[in-house]
Amino acid sequence: MAEIKSASRRWEDMETDVLVKIFKELNMIELAPVALVCHAWRSACSDPLLWNTLDLGLLKSNFIQTRASPFIWVDDRSDRKLMKALRIAMSLSRGAVSCLIFHFNLYMKDEHLGYIAERCPNLKRLVMPAWNRITKDGIRHAVRMWERLESLTMPSIAHPSYIMEEIRRSCKNFSHLKIMGTFDVDFAFSIATNLPNLRVLSLRCSILIREALLFILDCMDHLETLNISHCLLLDTPTTTTTTTSSSSSSSAAVVGKKRVFRELDGSIRGKAARLREFFHCQSGSCVACERMSRDEGLMRWYKYEDWFWREDEVSSLALGDYGKLFDEGCLDLGFRN
């Protein structure tokens with residue numbers, strides 16, 4: 001019988017799309033040594049299909065709250081682990097990351113943010129962690145590098161104007177903003193002044209000042225979608241008497257100098273009617289609303305399910321499930337605090 005030679009192919013000759021499908025099942029730590037096998041595997045490990053979204057939402061800082069600025073102390077080991085993760089991710093992704101997600105309890109420094117900004121020039125969406133330790137110059141420098149930025153999820157900040165101004169100057173396609181914290185009149189004025197073309201705004205689970213809400217509805221003509229679900233809607237009345245007032249369209253409870261609105265009044269509903277989407281919920285039977293009320297408007301996310309902070313009624317701002325690139329396996333392999 002004639003000898004039958006079996007045709008065989010080398011692993012490095014496998015089609016790139018097949019390699020990418022296989023490598024999608026690996027996390028970031030597992031990909032690092034795979035990328036060293038050969039040039040073809042390195043190329044597949046850096047494919048944009050793998051790195052379009054880099055979800056670091058499981059990575060948190062080991063921190064202690066303090067009374068002095070920046071009101072947080074972070075263990076040096078957390079900073080080193082974060083930089084280690086960023087170096088691996090930035091090396092493999094080769095600038096392909098367009099969506100970057102951080103946990104709200106990740107306290108990075110200027111050097112971390114700058115490192116990311118210089119290596120993610122195509123970033124379109126950023127879910128920003130707390131920026132207690134990031135300076136104004138650090139934020140400005142990063143935003144300046146992200147000319148294609150379209151969407152930002154951010155914690156509240158006392159004086160947001162410098163960030164909004166930099167976004168106006170540098171990010172011409174910016175259209176989506178989510179605030180996690182307190183939204184007052186100054187914040188509303190800063191957004192209306194610097195981001196008049198904003199189309200989507202989510203204030204979900206925030207302290208929301210009624211005057212700020214009315215200002216946004218009056219001034220932002222291009223706004224299409226607004227989410228105020230589970231917000232603690234407050235007003236500052238002229239009287240300090242504790243009373244309860246109600247009418248056919250609204251009700252409010254005055255507690256000290258703060259008046260909490262339990263329902264949206266006709267003025268708000270009328271102004272919001274022009275929006276394409278208007279999400280609101282102030283239900284006593286809603287879990288998120290109940291938690292918001294119990295936490296007095298400052299949601300203590302750490303007490304609840306780890307996915308809870310990732311939700312949003314606006315589909316384009318919801319984070320969904322955790323990404324595979326940085327999963328529990330990465331924590332087990334050296335990034336757990």
Check: Does K303 pair with D295 as a salt bridge, N-O distance under 4.0 Å?
Finding: yes
Next item on the list: Calculate, to the nearest 0.5 Å, the distance between atoms CG and CG belonging to L106 and L58 respectively.
Entry: 11.5 Å
Item checked: Residues D79 and R133 bridged, charged N to O under 4.0 Å -> yes
Note to self: Can you confirm whether I134 sits close enough to K109 that some side-chain heavy atom of one is under 4.5 Å from a side-chain heavy atom of the other?
What the structure shows: no
Check: Which heavy atom of L56 sits nearest a heavy atom of L86, and at what distance?
Finding: CD1-CD2, 4.0 Å
Note to self: When you group the ILVMFWY residues by side-chain heavy-atom contacts below 4.5 Å and let the links chain together, are L100 and L92 in the same group?
What the structure shows: yes
Notebook entry, point to check: So does R125 pair up with E150, basic N to acidic O under 4.0 Å?
Noted result: no
Notebook entry, point to check: Where do R80 and R77 come nearest, in terms of heavy atoms and distance?
Noted result: NH2-CG, 3.0 Å
Checklist line | Test side-chain contact (heavy atoms from CB on, under 4.5 Å) applied to L50 and V20, step by step | finding: CA-CA 7 Å; L50 295 178; V20 171; 4.1 Å; yes
Item checked: Interatomic distance, M154 atom CE to L177 atom CG [nearest 0.5 angstrom] -> 6.5 Å
Check: What's the spacing between L226 CG and L203 CG if we round to 0.5 Å?
Finding: 6.0 Å
Check: Should L195 and L214 be counted in the same cluster of Ile, Leu, Val, Met, Phe, Trp and Tyr side chains packed under 4.5 Å apart?
Finding: yes
Margin query: Which residue in the set I228, L264, L232 passes side-chain contact (heavy atoms from CB on, under 4.5 Å) when paired with Q282?
Written below: L264
Checklist line | Any donor-acceptor N/O pair, N122 side chain to G95 backbone, under 3.5 Å | finding: yes
Check: Between the main-chain N or O of V127 and the side-chain N or O of T153, is there a donor-acceptor pair closer than 3.5 Å?
Finding: no
Notebook entry, point to check: Where the side chain of S78 meets the backbone of V74, is there a donor-acceptor pair that is under 3.5 Å apart?
Noted result: no
Check: Quick check: does any side chain N or O of W309 sit under 3.5 Å from a backbone N or O of M180, one acting as donor and the other as acceptor?
Finding: no
Margin query: Show me the pairs that pass salt bridge (Lys or Arg N to Asp or Glu O under 4.0 Å) and involve residues 181-199, at least two apart or across chains.
Written below: R199-E224
Notebook entry, point to check: Rounded to the nearest 0.5 Å, what separation is found between the CD1 atom of I88 and the OG atom of S93?
Noted result: 11.5 Å
Notebook entry, point to check: Which pair of heavy atoms, one from G297 and one from I207, lies closest together, and at what distance?
Noted result: O-CG1, 3.3 Å
Margin query: Any non-hydrogen side-chain atom of F261 less than 4.5 Å from a side-chain atom of R210?
Written below: yes
Margin query: Salt bridge or not between K172 and E147? Use side-chain N to carboxylate O under 4.0 Å.
Written below: no
Next item on the list: Tell me whether L59 is reachable from I29 by hopping between hydrophobic residues (I, L, V, M, F, W, Y) whose side-chain heavy atoms are closer than 4.5 Å.
Entry: yes
Notebook entry, point to check: Any idea how F23 and W41 line up, ring-wise: parallel (<30°), tilted (30 to 60°), or perpendicular (>60°)?
Noted result: perpendicular
Checklist line | Where V34 and C45 come nearest, the two heavy atoms and their spacing | finding: CG1-SG, 3.7 Å
Check: Which value, rounded to the nearest 0.5 Å, describes the distance between L198 atom CG and H222 atom NE2?
Finding: 11.0 Å
Check: Do any N or O atoms from the side chain of N132 and from the backbone of P70 form a donor-acceptor pair under 3.5 angstrom?
Finding: yes
Check: Above 12 or not: heavy atoms from other molecules or residues under 6.0 Å from CD of E118?
Finding: yes
Note to self: Within the supplied structure, the quantity of interest is the number of heavy atoms (other residues, nucleotides, ligands) at a distance under 6.0 Å from R148 CZ; does it exceed 12?
What the structure shows: no
Check: Got a second to check how far F326's CZ is from L54's CG, nearest 0.5 Å?
Finding: 9.0 Å
Check: Any side-chain heavy-atom pair from I268 and L233 closer than 4.5 angstrom?
Finding: yes
Next item on the list: Identify the two heavy atoms, one from F183 and one from A188, that lie closest to each other, and give their separation to 0.1 Å.
Entry: CZ-CA, 3.6 Å
Next item on the list: Assess the pair F308 and W301: is the distance between their ring centroids shorter than 6.0 Å?
Entry: yes
Checklist line | Same apolar cluster: V97 and M145, side chain cutoff 4.5 Å | finding: no
Margin query: Under 4.0 Å between a side-chain nitrogen and a carboxylate oxygen: does that hold for E305 and R291?
Written below: yes
Next item on the list: Could you walk me through whether R300 and R294 pass the side-chain contact (heavy atoms from CB on, under 4.5 Å) test, one step at a time?
Entry: CA-CA 10 Å; R300 293 170 175 81; R294 186 171 62 233; over 6 Å; no
Next item on the list: Decide, yes or no, whether a salt bridge links R274 with D221 under the criterion of side-chain N to carboxylate O below 4.0 Å.
Entry: no
Next item on the list: Kindly indicate, with the supporting measurements, whether the criterion side-chain contact (heavy atoms from CB on, under 4.5 Å) is fulfilled by L82 and M108.
Entry: CA-CA 8 Å; L82 173 59; M108 65 171 60; 3.8 Å; yes
Item checked: Donor-acceptor under 3.5 Å (S61 side chain, F63 main chain) -> no
Checklist line | Minimum side-chain heavy-atom gap I167-S170 below 4.5 Å | finding: no
Notebook entry, point to check: So does Y162 have more than 12 non-hydrogen atoms from other groups sitting under 6.0 Å from OH?
Noted result: yes
Checklist line | Main-chain N/O of E313 paired with S229 side-chain donor or acceptor, under 3.5 Å | finding: no
Check: If Ile, Leu, Val, Met, Phe, Trp and Tyr residues are connected whenever their side-chain heavy atoms lie under 4.5 Å apart, and connections chain through other members, are V287 and W307 in the same group?
Finding: no
Next item on the list: Starting from the C-alpha separation in whole Å, work towards a yes-or-no answer on side-chain contact (heavy atoms from CB on, under 4.5 Å) for E166 and I163.
Entry: CA-CA 5 Å; E166 194 60 59; I163 301 173; 5.9 Å; no
Notebook entry, point to check: Okay, side chain of R119, backbone of Y115: is any donor-acceptor separation there less than 3.5 Å?
Noted result: yes
Item checked: Non-neighbouring partners of S161 that pass side chain to side chain contact (heavy atoms under 4.5 Å, CB included), sequence neighbours left out -> E165, S190
Next item on the list: Return yes if some donor-acceptor pair links the side-chain N/O of D312 with the main-chain N/O of A318 below 3.5 Å, else return no.
Entry: no
Next item on the list: Verify, without hydrogens or angle tests, whether T66 (side chain) and I72 (backbone) share a donor-acceptor contact under 3.5 angstrom.
Entry: yes
